[in-house]
Amino acid sequence: MSHGLNIAQQEAVNYLQGPCLVLAGAGSGKTRVITHKIGRLIQTGLKPDQVAAITFTNKAAAEMRERAKALIGRQAKGVLICTFHALGVRMLRQDGQALGLKQQFSILDSDDVTGIIKEAGGSTDMATARQWQWIISGWKNKGLNAAQAQAQASGDEDLLIAQVMARYEERLSAYQAVDFDDLISLPLKLLQEHEDVRLKWQQTLHHVLVDEYQDTNATQYEMLKLMVGERGRFTAVGDDDQSIYGWRGATLDNLKRLPQDFPTLKLVKLEQNYRSTSAILRAANNVIGPNPKLFPKTLFSELGEGEPVRVIDCDSEEHEADRTVARIQSLRAGELLTSAGAQFKDWKDFCILYRANHMAKPFEKALRRAQIPYKVSGGQSFFDRAEIKDLCGWMRLMVNNNDDPAFLRAVTTPKRGIGHTTLGTLGTFASQFKLSLFESLFSNSLGSVLPAKAVGSLHEFGRYLNDLQYRAQHTIGAAAAKVYLLDWLKEIDYEKHLYDGEDSEKVAAARWNNVLEFCDWMSKRCGGEIEDASGATVEKERKTMLEVVQTIALLSTISEREGDQDVVTLSTLHAAKGLEWPHVVLAGVNEGLLPFKLDDDDGINTDSIELRLQEERRLMYVGITRAQRTLAVNWLRRRKKGRDTIAGTPSRFIAEMALDQNTIKQSPLEKIKALRAEFAQRAADGVKAQSLAEAQYNDKAK
DNA sequence: TTTAACAAATTTTTT
DNA sequence: ATTTGTTAAA
């Protein structure tokens, strides 16, 4: 099992006795180590289902499963490879009853959560609701419940939010629903308070591998500790330089504490990079250099110097997109390369990375104009689309009648003469009698608070839902599911609803297409026959529709086979972690974007500016190290900010890359430095950057 | 009371 | 440019 591994990798794979921490630098083959170690564990006699590998994203889990399958064959199927959250769902479905959670609980997406918090807060607007949601989530990730949050609250606002949190939690349990944070904190509670459950999981899982360990938060670490128990049979793989989820509660403390909590911890460092050229790696090392080191390591590459890193200055977002498209086309034609070597001519060899989702738009436009196929990953997911959320609302309500957010969505789509006034009264009625909205539909005293007409429409809706529910229980397998779904859509006349709601026929058609795709996907998931990678037909476990619906909230992507599409990738830096491309363009590397504006303390972010800067630097590092052969770094002279345009300054990280003078053709390093100094001076003088940009622009016009 | 049309305001990163 | 709150018509 150790063929093709270097010494350090072998060491990590073969150490099975106890806790093991693998410090894996970027591109050092950490997925390889994990998959080989899974194989090794099975080779030494463990059954596949005694091994678990936990990843951070669904995508990473999918890839891991793929790689494991390639290495050890069909046995990989039995290995539990999933995200922390998916593992949490599994635990709660199996043993959640011990916490008073019924098996058919709902998982709320973050929009649902915002809505509930808004309600729980009384008269709060959307923006503050989001802020509070953020803060509450932060508390939950630290393992605090509402009462504890109240106890540690500092200041009136914290106290108020803690009270809202208490009401929010009440509602969740009334709805029999959980949010994303609960998927970690509730299983943790389960393991803490129920010894039988804890022992069961400890006996089941003989070895747990954790990928991207640096991104775990406090509750995840506690959960891991309880899962592996005293014996501490686990392998944590991570890189402190790639920790970019601090804003989500991830903490490097977990890395620091590991050697203390497990004194027998075996430490292995992977320092050879197999991904990038020396030129790229040097830039990466220079950027990360100023950050304090938890475990010092020196990455090296044997792939040779390679192409110099390019810095490209652009006039605007549109200009940047055009230049980037031109660059991609040139590279595909074999131009721009100073040295011969393997060329990468497929669209899928190219990737454009940026800080924030909305930055994808200009690139999408330019790529479409140039007729280059592309995909946007890590943006708005398929399941965030309004039409899909409509359908999921119906299904969630079918699975869990107490799911009030789902009720509200379903009852109003399509419009059936029930509006907010009726729903408002229904809502107060329901909370008065401590019923869910759906339950109160059938209450006898409903007629005393609502006009007969409204009661009639509500009853009709309720009866229809019961009917749907009944049919869903008897619908098993892909073919039946498909018929069921299409019948349902016809009955509620959803297609008409889409065309009515959209003034552009094209958009409506696209939405309807999404709906059909969703039905297709749903029915496939219901099992029966499914084609696997090789096109062979594989029998999958058959599931009822209800079972499938429950897992939807966790998924972010619908296409399971996106790897083999030959398309250019657009992605956020965060979503790009763990991935690599021959040619990478980092877009919008400006002060204020990357690093993101660090100045204003809005009171939400408790971390110091220095800590936040360090995380931004790691983000830049992650971006640079995605590249295998060529890397271009763009910055904007003028960029849009809200409605108006402001002057752009190159990111300090560009200077920190310490590129060779002569490698910066378009924009010499000195020029960047001078420009930055100039802007800094102006800012100090109190001159608004905007007016400076105006002046520059006018100069150019002359 | 519902629904459609209109005005206003809002952009970090993900499960 | 999209999405939320507001107002007017049905």
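Below, chain A is the first sequence line, B the second, and so on; all start at residue 1. The figures here come from the full heavy-atom set of this structure, side chains too, leaving out hydrogens, waters and symmetry mates.
- A straight line from CD1 of A:Ile418 to P of B:dT3 spans 9 Å, rounded to a whole angstrom.
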Quiz: residues 507-514 of chain A side-chain donor-acceptor pairs under 3.5 angstrom, not counting sequence neighbours:
residue  : atom : partner  : partner atom : Å
A:Arg511 : NE   : A:Glu502 : OE1          : 3.0
A:Arg511 : NH1  : A:Glu387 : OE1          : 2.6
A:Trp512 : NE1  : A:Glu495 : OE2          : 3.4
A:Asn514 : ND2  : A:Glu387 : OE2          : 2.8

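- Under the side-chain contact (heavy atoms from CB on, under 4.5 Å) criterion, A:Gln104 pairs with A:Lys102, A:Val399, A:Gln550, not counting sequence neighbours.
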Produce the list of close N/O pairs, under 3.5 Å, pairing protein atoms with atoms of nucleotides 5-8 of chain C; give distances to one decimal.
residue : atom : partner  : partner atom : Å
C:dG5   : OP1  : A:Lys118 : NZ           : 2.8

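- A:Thr57 has no side-chain polar atom (N or O) that falls below the 4.0 Å cut-off from OP1 or OP2 of B:dT14.
- Under 4.0 Å is where a charged nitrogen must lie from a carboxylate oxygen, and between A:Arg171 and A:Glu119 at least one such pair does.
- Atom pair A:Asp211:CG and B:dT15:C1' shows a separation of 15 Å (rounding to whole Å applied).
- The phosphate of B:dT15 (OP1 or OP2) has no side-chain N or O of A:Ser110 nearer than 4.0 angstrom.
- Here B:dT15 presents its P atom at 15 Å from CG of A:Asp179, a figure rounded to the nearest Å.
- Relative ring orientation between A:Phe407 and A:Phe461 is described as perpendicular, the plane-to-plane angle rising above 60° on a 0-90° scale split at 30° and 60°.
- Residue A:Asp182 contributes atom CG, which lies 12 Å from atom C1' of B:dT15 at whole-angstrom precision.
- A:Glu364 has its CD atom 11 Å from the P atom of C:dT2, to the nearest Å.
- In this structure, the aromatic ring of A:Trp247 is positioned over the six-membered ring of the base of B:dT13, centres within 5.5 Å and planes within 30°.
- In terms of position along DNA chain B, the nucleotide closest to A:Leu423 lies nearer the 5' end than the nucleotide closest to the other residue of the pair A:Glu615 and A:Leu423.
- One finds a side-chain N or O of A:Asn357 lying less than 4.0 angstrom from the OP1 or OP2 phosphate oxygen of B:dT14.
- Ring-plane geometry between A:Phe518 and A:Trp521 is classed as parallel, the angle between the planes falling under 30 degrees on a 0 to 90 degree scale with a further cut at 60.
- Across B:dT15, B:dT13, B:dT2, the shortest atom-to-atom separation from the side chain of A:Thr572 is found for B:dT13.
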Produce the list of close N/O pairs, under 3.5 Å, pairing protein atoms with atoms of nucleotides 6-10 of chain B; give distances to one decimal.
residue : atom : partner  : partner atom : Å
B:dT10  : O4   : A:Arg643 : NH1          : 3.1

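- Checked against B:dT2, B:dT14, B:dT11, the side chain of A:Arg130 finds its nearest nucleotide in B:dT11.
- Spacing between atom CZ of A:Phe180 and atom P of B:dT15 amounts to 8 Å, rounded to whole angstrom units.
- For A:Ala575, the listed nucleotide lying nearest its side chain is B:dT14; candidates were B:dT13, B:dT1, B:dT14.
- Considering only the side chain of A:Thr422, B:dT1 comes nearest among B:dT1, B:dT14, B:dT3.
- The distance between atom CD of A:Glu616 and atom C1' of B:dT13, rounded to the nearest whole Å, is 9 Å.
- Take A:Ser443 and apply the side-chain contact (heavy atoms from CB on, under 4.5 Å) test, not counting sequence neighbours, and it matches A:Phe429, A:Ser445.
- Using a 4.0 Å cut-off between charged nitrogen and carboxylate oxygen, A:Arg618 and A:Glu615 count as a salt-bridge pair.
- No side-chain donor-acceptor contact under 3.5 Å links A:Asn590 to the backbone of A:Gly592.
- Take the nearest nucleotide of DNA chain B for A:Lys415 and for A:Ile244: the residue whose nucleotide is more 5' is A:Lys415.
- Using a 30° and 60° split on the angle between ring planes, A:Tyr464 and A:Trp394 fall in the perpendicular class, above 60°.
- Contact annotation for A:Tyr245: backbone-only contact, meaning every heavy-atom pair under 4.0 Å involves sugar-phosphate atoms and none involves a base.
- If you take NZ of A:Lys496 and P of B:dT3, they are 12 Å apart, rounded to a whole angstrom.
- Partners of A:Pro451 by side-chain contact (heavy atoms from CB on, under 4.5 Å), not counting sequence neighbours, listed by chain and number: A:Ala454.
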